[in-house]
Structure formats: structure tokens, C-alpha cells
Amino acid sequence: MTSTAAPGSVTAFRGDPNHLGHSRDGHGESRATGRGTGGPSPKRIVVAYGFWIFILSDIVMFASFFASYAVLQGGVSDGPTGPEIFDLTNTALETGLLLLSSFACGMASLALGARRMLYFQVAMAVTFLLGAGFVALEVMEFYDLVSRGIVPSRSAFLSSFFTLVGCHGLHVTIGLLWLLTMMAQVLAKGFRSDIVRRTLCFALFWHALDIVWVGVFSIVYLMGSIT
């Protein structure tokens with residue numbers, strides 16, 4: 001004798017023993033979005049999750065640079081020490097520019113939420129100018145140090161200093177290129193959901209760089225200028 005299985009019976013799961021993509025009764029659930037209940041998560045959730053992983057990995061990298069600097073800052077060999085090379089006036093100006101750029105970026109995010117094109121573009125342009133000023137001051141600082149023979153290979157302290165501060169400056173430079181890209185995309189394509197999502201990711205990246213710089217300013221420059 002042969003028997004036919006009811007739609008909700010165990011045999012209905014033989015093609016999908018783990019119930020992936022199905023509800024518990026064996027029928028698809030089109031309203032669900034998670035794995036095992038109808039399909040993959042929405043793209044906005046996947047992008048947000050992946051970007052947070054990127055931000056956290058960047059923070060881990062900078063944490064390792066901070067740890068290396070803390071260990072190596074006393075290894076000056078015959079080279080100069082922190083108080084001999086740090087210019088707090090220049091560094092304070094850099095800090096002011098970057099913090100103001102973060103405020104302008106926040107204004108751009110508000111304009112983005114309100115769908116105000118002119119305000120968004122102006123706020124992003126101000127963010128770019130302030131960030132570019134920060135990079136220019138940092139390049140001038142490095143150029144002045146190198147011109148005086150203060151280079152990374154001279155001591156462990158200088159190697160860790162150039163690596164930490166230079167890596168942050170490189171991130172800011174990449175952020176400026178990203179900023180220009182988002183300005184162009186919003187101008188050309190408007191406030192599409194995917195464009196808005198990318199712009200908010202940029203804003204999160206930019207604010208994270210500000211947080212890292214506060215650590216650089218406090219630990220490297222302020223504490224380093226008195227040791």
C-alpha cells in the first residue's frame with residue numbers, strides 16, 4: 001500500500017530538513033525577512049551590520065596603534081622627545097577644525113533627513129573645507145619634522161608617532177574623497193534610499209574619526225608634551 005503525506009506532515013520537510021526558508025508548518029512565509037522564515041534580511045540591515053563591523057575593526061586597529069605608542073614612546077634613542085617636537089598651538093588648531101567639521105557633518109545629516117538639497121550641499125561643502133584644512137596642517141607638520149631630520153626611522157618613538165597620526169590623517173583624506181562622492185551622488189540622483197544610506201554611513205565614519213582624534217590629541221600631544 002502507498003500513502004500520501006499531508007502538506008504539514010514530516011515528509012513535507014524532506015526537501016528542506018532544516019526548514020530553511022519555511023515556517024514551522026512547512027509553508028513559506030512571505031512577510032518574514034529573517035533566515036529560516038522566508039528569506040534574507042533587507043539590504044539596509046545587511047549594509048548597516050557590515051558597516052558597523054568595519055567601524056569596529058578600524059577601532060581595533062587604532063587601539064593597537066595606541067598600545068604600541070604607549071609602549072614605545074620612551075624609546076627615543078638619540079632622537080628628540082615629544083616636548084621637543086610637538087607644537088600644541090598647531091595641534092589645537094587642527095583639533096578645532098576637525099571638531100567643527102563634525103558639527104557641520106551633523107548639520108548635513110539633519111538636512112539629509114529633511115530632504116533639503118541646498119542646506120545639505122552647503123553643510124557638506126563646509127565639512128570638506130574644514131577637513132581639508134585639518135589635512136593641510138598635518139601635512140605641514142610632517143613636512144617640517146622631516147625637513148629637520150625627524151623621521152620615523154630615527155627612533156621607536158617617532159615610528160609609533162608617525163604611524164598613529166599618519167594613519168588617522170590617511171583616513172581623513174579617504175573620508176574627504178568619500179564626502180565629494182556623496183555630494184555628487186545626492187546632486188545627481190536625489191534622496192534615494194540607497195544614497196541616503198551611504199551618506200549616513202559616511203557620517204558615522206567621519207564622527208568615528210573625530211573620536212579617534214580626541215584620543216590622539218589627549219594621549220599623544222597633551223600627555224606627550226609634558227613627559
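Remember, predicted model here, so these are calculated numbers, not experimental data.
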Residue pairs involving [range] (criterion side-chain hydrogen bond (donor to acceptor under 3.5 Å, both in side chains); sequence neighbours excluded):
| range | answer |
| --- | --- |
| residues 207-221 | T95-W213, S102-H207, S102-D210, E141-Y221 |
| residues 104-130 | none |
| residues 172-184 | none |

Give me the other members of the hydrophobic cluster that [X] sits in, counting Ile, Leu, Val, Met, Phe, Trp and Tyr linked by side-chain heavy atoms under 4.5 Å, directly or via other members.
| X | answer |
| --- | --- |
| L72 | V71 |
| I174 | L170 |
| F103 | M107, L110 |
| Y143 | none |

Do you reckon [X] sits in the same ILVMFWY cluster as [Y], going by side-chain contacts under 4.5 Å, direct or chained?
| X | Y | result |
| --- | --- | --- |
| I211 | M61 | no |
| L99 | V172 | no |
| F120 | L129 | yes |
| V139 | V220 | yes |

Restricting to non-hydrogen atoms, name the atom on G131 and the atom on S101 that form the minimum distance, rounded to 0.1 Å.
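Between these two residues, the closest heavy atoms are N-CB, 4.1 Å.
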Which atom pair, heavy atoms only, marks the closest approach of L137 to L97?
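Closest approach of L137 to L97, heavy atoms only: CD1-CD1, 3.7 Å.
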At what distance, to the nearest 0.5 angstrom, does [atom1] of [X] lie from [atom2] of [Y]?
| X | Y | atom1 | atom2 | result |
| --- | --- | --- | --- | --- |
| F86 | S225 | CZ | OG | 8.0 Å |
| L88 | L222 | CG | CG | 6.0 Å |
| C201 | I55 | SG | CD1 | 8.5 Å |
| I59 | W52 | CD1 | CH2 | 7.5 Å |

What salt bridge (charged side-chain N to carboxylate O under 4.0 Å, His left out) pairs are there with at least one residue in residues 167-179, not counting sequence neighbours?
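Sorted pair list comes back empty.
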Can you list every pair that meets salt bridge (charged side-chain N to carboxylate O under 4.0 Å, His left out) and has a residue in residues 71-89, with sequence neighbours left out?
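Those involving residues 71-89 do not exist here.
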Are more than 12 heavy atoms from other residues, nucleotides or ligands located less than 6.0 Å from atom CE of M140?
no
Pair F202 and F205, ring centroids less than 6.0 Å apart
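No, they do not, as the ring centres are separated by 6.0 Å or more.
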Just wondering, do [Y] and [X] contact through their side chains at under 4.5 Å, heavy atoms?
| X | Y | result |
| --- | --- | --- |
| H168 | L98 | yes |
| R197 | D194 | yes |
| M124 | L180 | no |
| V60 | L56 | no |

Salt bridge (charged side-chain N to carboxylate O under 4.0 Å, His left out) with D144: which residues, sequence neighbours excluded?
R148
Step by step, work out the side chain to side chain contact (heavy atoms under 4.5 Å, CB included) result for I195 and F191.
CA-CA 6 Å; I195 303 300; F191 298 106; over 6 Å; no
Does any pair with a residue in residues 55-81 pass ring pair (Phe, Tyr, Trp, His ring centres under 6.0 Å), and if so which ones, sequence neighbours excluded?
F62-H171
List, one per line, each side-chain donor-acceptor pair under 3.5 Å for residues 154-166, sequence neighbours excluded.
unit_1, atom_1, unit_2, atom_2, d
R154, NH1, G149, O, 3.4
S155, OG, L158, N, 3.2
S159, OG, P152, O, 2.5
S159, OG, S155, O, 3.1
S160, OG, A156, O, 3.3
S160, OG, F157, O, 2.8
T163, OG1, S159, O, 2.7

